[in-house]
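Along the sequence shown, the residues carry numbers beginning at 1. As the structure is a prediction and not an experimental result, all values here were calculated from the model.
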Amino acid sequence: MKRAIFPGSFDPITNGHFDIIQRGVKLFDEVVVAIGVNADKKYMFSLEERQSFIEKSFKDEPKVKVVTYQGLTIDFCKDIDAQFILRGLRNPADFEFEKAIAHTNRKLSKIETVFLLTAAKTSFISSSIVRDVIRNNGDYTQLVPESVVVKNI
């Protein structure tokens, strides 16, 4: 089985993430959306909300699993027997950042990183932009899957 993990904080999942996951399903037998837990980070949405947003978005796609994890991504890959890390690239800055992580992961393990370019129509979207729109009472619904519903932020 070709299993890939798509790690991130997904605070919240965006249409860009959604696109990468949909395209990843065509490449892999299973895509594990792995929500990283970082106790030092302050999230807008709870872990349960973030997990629910993703699960609802892919409820009809059996090849997508949603889990949480702590620690190094490569260690989690080994724990669940994932041979690939899936990442989306929006721009050259993403590439430089992700390239350094991919090289480090490859040095420390045998896990390959597979990059997909984001679709042009979603390449400007980031979770931090979505959070800013939400904080300022803007219409965030065009930027995220329908499953993302804001309650009293």
Side-chain angles (χ1 to χ4, degrees), residues 1-41 43-131 140-149:
M1 173 183 276
K2 288 189 297 183
R3 178 178 290 129
I5 73 159
F6 184 41
S9 60
F10 305 101
D11 187 33
I13 184 174
T14 69
N15 286 339
H17 296 131
F18 186 88
D19 175 63
I20 295 296
I21 296 165
Q22 277 189 313
R23 290 166 48 213
V25 164
K26 295 174 184 169
L27 300 173
F28 301 102
D29 299 315
E30 183 176 75
V31 174
V32 178
V33 181
I35 305 169
V37 177
N38 181 342
D40 296 330
K41 195 169 176 185
Y43 298 103
M44 177 175 273
F45 296 96
S46 72
L47 181 60
E48 294 76 18
E49 286 174 311
R50 291 179 280 146
Q51 190 166 3
S52 175
F53 294 157
I54 301 165
E55 287 172 345
K56 286 177 182 173
S57 292
F58 291 96
K59 67 182 183 314
D60 297 324
E61 179 48 74
K63 291 173 68 174
V64 173
K65 307 286 184 245
V66 184
V67 299
T68 63
Y69 77 103
Q70 288 182 301
L72 289 177
T73 300
I74 57 171
D75 290 340
F76 183 66
C77 287
K78 291 174 191 170
D79 290 346
I80 66 164
D81 194 29
Q83 305 87 8
F84 303 93
I85 297 172
L86 177 63
R87 299 298 294 157
L89 298 175
R90 293 173 295 182
N91 54 48
D94 278 358
F95 174 73
E96 290 301 323
F97 177 74
E98 294 290 346
K99 179 179 78 167
I101 294 170
H103 283 311
T104 302
N105 288 340
R106 187 76 180 111
K107 182 79 171 170
L108 299 176
S109 72
K110 300 280 188 245
I111 296 163
E112 291 287 351
T113 301
V114 176
F115 297 111
L116 293 180
L117 297 178
T118 57
K121 66 183 180 183
T122 63
S123 64
F124 66 95
I125 303 172
S126 70
S127 292
S128 57
I129 288 173
V130 172
R131 290 192 304 271
Y140 66 92
T141 60
Q142 303 171 64
L143 307 172
V144 296
E146 288 179 11
S147 64
V148 177
V149 178

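The shortest side-chain heavy-atom distance between Val25 and Val64 falls under the 4.5 Å cut-off. Counting heavy atoms from C-beta outward, Ile13 and Ile21 have side chains that approach closer than 4.5 Å. Side-chain contact between Ile101 and Ile85: absent, with no pair of heavy atoms (C-beta onward) separated by less than 4.5 Å. Contact of the Gln83 side chain with the Arg3 side chain is registered, since non-hydrogen atoms from C-beta on lie closer than 4.5 Å.
Ala4 approaches Leu86 most closely through the heavy-atom pair CB-CB, 4.4 Å. Pairing each heavy atom of Lys78 with each of Leu108, the nearest pair is NZ-O, 4.1 Å. Closest approach of Phe6 and Gly88 over heavy atoms only: CE1-N, 4.1 Å. Scanning both residues, Lys56 and Ser147, for their nearest heavy atoms gives CB-CB, 3.7 Å. Closest approach of Arg50 to Ile35, counting heavy atoms only: NH1-CG2, 3.6 Å. Of all heavy-atom pairs spanning Ala100 and Thr104, the tightest one is O-OG1, 2.9 Å.
A donor-acceptor contact shorter than 3.5 Å links the side chain of Lys65 to the backbone of Pro62. Here the side chain of Asn15 pairs a donor or acceptor atom with the backbone of Gln142 at under 3.5 angstrom. The backbone N or O of Val144 lies less than 3.5 Å from no partner atom in the side chain of Thr14, so there is not a single donor-acceptor pair. Listed for the Arg131 side chain is no donor-acceptor partner under 3.5 Å among the backbone atoms of Tyr43. Proximity of a side-chain donor or acceptor of Ser52 to a complementary backbone N or O of Glu49 within less than 3.5 Å is not detected.
With rounding to the nearest 0.5 Å, the separation of OG in Ser9 from CG in Asn38 is 9.0 Å. Rounding to the nearest 0.5 Å gives a distance of 10.0 Å between OG1 of Thr113 and CD1 of Ile74. Between Leu27 atom CG and Leu116 atom CG the span is 6.0 Å, to the nearest 0.5 Å. Rounding to the nearest 0.5 angstrom, the gap separating the CZ atom in Phe124 from the CD1 atom in Ile129 is 8.0 Å. Interatomic distance, OG of Ser57 versus NE2 of His17, reported as 11.5 Å (0.5 Å rounding). Expressed to the nearest 0.5 Å, how far NZ of Lys2 lies from CZ of Phe28 amounts to 7.0 Å.
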(request) Evaluate side-chain contact (heavy atoms from CB on, under 4.5 Å) for Val33 paired with Phe58, printing each intermediate quantity in order. (result) CA-CA 10 Å; Val33 181; Phe58 291 96; 5.6 Å; no
(message) side-chain contact (heavy atoms from CB on, under 4.5 Å) for Phe95 and Arg90? Distances and angles first, verdict last.
(response) CA-CA 8 Å; Phe95 174 73; Arg90 293 173 295 182; over 6 Å; no
(message) With side-chain contact (heavy atoms from CB on, under 4.5 Å) as the criterion, how do Phe10 and Val66 come out once you've worked through the C-alpha distance, each side chain's angles and the decisive distance to 0.1 Å?
(response) CA-CA 11 Å; Phe10 305 101; Val66 184; over 6 Å; no
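Among residues two or more places apart in sequence or in another chain, the ring pair (Phe, Tyr, Trp, His ring centres under 6.0 Å) test is passed with Phe53 by Phe45.
Atom NZ of Lys63 has more than 12 heavy atoms from other residues, nucleotides or ligands within 6.0 Å.
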